[in-house]
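Sequence positions, counted from 1, serve as the residue numbers for this chain.
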Amino acid sequence: MSDLILLRYGELGLKGHNRSFFIKKLKENIRRMLKSRGELSSAHGRLFFHPEGDEEEAVKILQRVFGLVGASPAREVELDMEDIAGAAADLISKLDLGEKTTFKVETKRANKSFYLNSMEISRDIGAQLLKRFPGLKVDVHQPELRVRVEIRRKAFVYLADNPGPGGLPVGTGGRGILLLSGGIDSPVAGWMMLKRGIDVLPLHFFSPPYTNERSLEKVKELVEVLGKWGLKRSLYNINFTPIQEELIQKVPGDYLTIIMRRTMIRLANRLAEKQGDKCIITGESLGQVASQTIESLHSTDVLAEVPVLRPLIGLDKQEIISRAQEIGSYDISIQPYEDCCQVFVPTHPVTRPVLSDIEEIEEDLELEEKLHEALENAEKF
Ligand code: ATP
Ligand code: MG
């Protein structure tokens, strides 16, 4: 009888080469995120993690690996009904059962050569458990406890479902640049695209001395949170001050935010080209602020050389906040912080910027050298 964690992944719609690519990335990510916590193995269409040390902690981490839909501590036994019931009893004996606990045995039989079918197995194991635990009572509809049995070349028995986050393994969707501020929204946007398999590079613009060290620390903490969800690329920091000073001098207040955003996109374009990123991700949500109207979004879209993904586009602020709380970024995001864009907020930003006006204003800007230098001097953490 051995202890392992049975890993379940969503394989819906995966075929042939895609499937092996998905599993290869998934394995890489598990090994990276759980390094030194145990060994990963695979056999007959299943992944297993063999924890060394704290099993509960390993399960918690596995529940943050995109692509996994469950991570259940299980017992592996021979294909023998006595052994299977024994393993189930052993797992149940560790629980704090009440006076009467309702339960149900659920069996999956992948190995069709086993002499009993799923129904027969469930019934037999259920009967054996009833004999051993007088506090148990069968309820096939809404049981408090589910005993799960999987019949493969060996039998696996487990109780807890421990759902994973689903999604696709990070890296199966190509690379993308996340414009990461210290706010609530962009970390959530990054999380959502990690979940869809994008290998995200967090890019932050800061403006010393207008923004302080603490704001930078905050962004690093947000990157750490995303790291717990499988982010693997390190933070890129671009000093935005020289560019911003140029903009403040020459751009009318109402167009400042929008042109600042366009400048960020220009920089992201260049970084994307250099590093093979296939998209730019932002935390924008339609109508949330003046710079997030359709017209404003369009004025950045026209510049982008790769698709701009805005996974929060249709979410309300409250929905974004709830998600941020689940992810663990919220408490960091609400700490006081200065964003380079907020330092010089215009009183009345345009809500319907006109592209030809923007282009006319930009004609007077001397940005090329500053953009080049900003990128050359980018810091990596
Ligand atoms: P957030 O909560 O992510 O800051 P927001 O609703 O406050 O979003 P804005 O501040 O207008 O909106 O920023 C819109 C988007 O532009 C952000 O979600 C982020 O993707 C990007 N962005 C803003 N400031 C920065 C910055 N300093 N560095 C990198 N990206 C930024
Ligand atoms: Mg912001």
Side-chain angles (χ1 to χ4, degrees), residues 29 33 60-61 63-66 165-171 173 175-207 211-238 240 260-261 264-265 267-268 271-272 277 279-286 288-289 291-292 297 300 308-342 378-381:
N29 295 345
M33 289 170 72
K60 264 193 213 148
I61 300 171
Q63 286 186 287
R64 291 194 300 261
V65 176
F66 289 124
L168 302 168
V170 172
R175 298 167 146 227
I177 294 180
L178 168 66
L179 301 189
L180 180 66
S181 73
I184 295 169
D185 304 336
S186 41
V188 177
W191 182 90
M192 287 177 77
M193 296 328 293
L194 283 170
K195 182 168 188 239
R196 298 310 300 163
I198 303 281
D199 187 0
V200 168
L201 172 85
L203 168 61
H204 178 69
F205 300 99
F206 70 126
S207 304
T211 59
N212 59 31
E213 259 317 292
R214 180 67 203 116
S215 300
L216 203 58
E217 281 309 311
K218 195 179 159 184
V219 174
K220 287 184 199 166
E221 283 172 29
L222 289 171
V223 169
E224 269 172 42
V225 170
L226 292 177
K228 292 190 176 168
W229 291 96
L231 176 90
K232 51 184 175 184
R233 297 167 75 191
S234 28
L235 173 67
Y236 238 81
N237 253 321
I238 290 186
F240 207 53
M260 226 149 24
R261 265 306 164 263
M264 290 182 178
I265 295 287
L267 286 164
L271 195 60
D277 286 277
C279 62
I280 296 169
I281 302 153
T282 79
E284 290 159 313
S285 153
L286 192 63
Q288 198 187 84
V289 288
S291 57
Q292 295 174 17
L297 300 181
T300 51
V308 180
L309 303 184
R310 302 180 173 98
L312 310 185
I313 198 72
L315 296 187
D316 294 342
K317 194 72 189 188
Q318 193 50 52
E319 292 172 307
I320 300 170
I321 288 174
S322 303
R323 185 61 63 81
Q325 286 165 333
E326 286 164 28
I327 297 169
S329 60
Y330 183 73
D331 291 339
I332 301 169
S333 288
I334 56 171
Q335 289 166 25
Y337 136 93
E338 297 151 341
D339 187 30
C340 62
C341 300
Q342 291 163 350
E379 296 173 288
K380 245 178 124 175
F381 291 94

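Here the OH atom belonging to Tyr236 is positioned 7.5 Å from the CD1 atom belonging to Ile238, to the nearest 0.5 angstrom. Separation of atoms CD1 (Ile184) and CD1 (Ile334) is listed at 7.5 Å; rounding is to 0.5 Å. Note that CD1 of Ile313 and CD of Gln292 are 7.5 Å apart. Values are rounded to the nearest 0.5 Å.
Residues that satisfy the side-chain contact (heavy atoms from CB on, under 4.5 Å) test with Ile61, not counting sequence neighbours, are Met33, Leu34, Arg37, Glu57, Arg64. Listed by chain and number, the residues in a side-chain hydrogen bond (donor to acceptor under 3.5 Å, both in side chains) with Ser215 are Asn212 (sequence neighbours excluded). For Ser186, the side-chain hydrogen bond (donor to acceptor under 3.5 Å, both in side chains) test picks out Ser181, with sequence neighbours left out. Shown here are the side-chain hydrogen bond (donor to acceptor under 3.5 Å, both in side chains) partners of Ser329, two or more places apart in sequence or in another chain: there are none. By the salt bridge (charged side-chain N to carboxylate O under 4.0 Å, His left out) test, Arg310 is found to be paired with Glu284, Asp301, residues two or more places apart in sequence or in another chain being considered. Applying the side-chain hydrogen bond (donor to acceptor under 3.5 Å, both in side chains) criterion to Ser285, with sequence neighbours excluded, gives no partner residue.
Residues Gly183 and Ser333 share a closest heavy-atom pair of O-OG, 2.7 Å. The two residues Val170 and Asn29 have their closest heavy-atom pair at O-ND2, 3.0 Å. Here the closest heavy-atom approach between residue Phe66 and residue Leu168 is recorded as CB-O, 3.3 Å. Heavy-atom minimum distance, Leu222 versus Pro187: CD1-CG, 3.9 Å. Between Leu226 and Leu194 the shortest heavy-atom distance is O-CD1, 4.1 Å. Minimum heavy-atom separation, Ser234 to Leu201: O-CD1, 3.4 Å.
Contact check for Phe206 versus Glu213: no side-chain heavy atoms found under the 4.5 Å cut-off. Side-chain contact between Leu231 and Pro202: present, with at least one pair of heavy atoms (C-beta onward) separated by less than 4.5 Å. Residues Leu312 and Met192 are in side-chain contact: their nearest non-hydrogen atoms beyond the backbone lie under 4.5 Å apart. In this structure, Ile281 and Ile198 have side chains that are in contact, with non-hydrogen atoms separated by less than 4.5 Å. Inter-residue side-chain proximity for Leu216 and Thr211 is flagged as unmet; no heavy-atom pair is nearer than 4.5 Å.
Listed by first and then second residue, the salt bridge (Lys or Arg N to Asp or Glu O under 4.0 Å) pairs that reach into residues 195-204 come to none, sequence neighbours excluded. Counting only residues at least two apart or on different chains, the salt bridge (Lys or Arg N to Asp or Glu O under 4.0 Å) pairs with a member in residues 215-226 are Arg214-Glu221, Glu217-Lys220. Applying the salt bridge (Lys or Arg N to Asp or Glu O under 4.0 Å) rule to pairs touching residues 319-331 yields Arg323-Glu326, sequence neighbours excluded. The list of salt bridge (Lys or Arg N to Asp or Glu O under 4.0 Å) pairs with a residue in residues 181-194, not counting sequence neighbours, reads Asp185-Lys317.
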Practice problem: Show your working on side-chain contact (heavy atoms from CB on, under 4.5 Å) between Leu297 and Leu286 and close with a plain yes or no. | Solution: CA-CA 9 Å; Leu297 300 181; Leu286 192 63; 3.9 Å; yes
Practice problem: Output, in order, the C-alpha distance, side-chain angles, deciding distance and verdict of side-chain contact (heavy atoms from CB on, under 4.5 Å) for Phe205 and Leu267. | Solution: CA-CA 10 Å; Phe205 300 99; Leu267 286 164; 3.5 Å; yes
Practice problem: Apply side-chain contact (heavy atoms from CB on, under 4.5 Å) to Leu271 and Asp277, showing your working. | Solution: CA-CA 8 Å; Leu271 195 60; Asp277 286 277; 5.6 Å; no
Self-check item: Derivation and outcome, side-chain contact (heavy atoms from CB on, under 4.5 Å), residues Leu178 and Leu203
Solution: CA-CA 6 Å; Leu178 168 66; Leu203 168 61; over 6 Å; no
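Under the 3.5 Å distance criterion, the side-chain polar atoms of Trp229 are matched with a main-chain donor or acceptor of Ile327. Side-chain atoms of His204 come within 3.5 Å of backbone N or O of Leu180 as a donor-acceptor pair.
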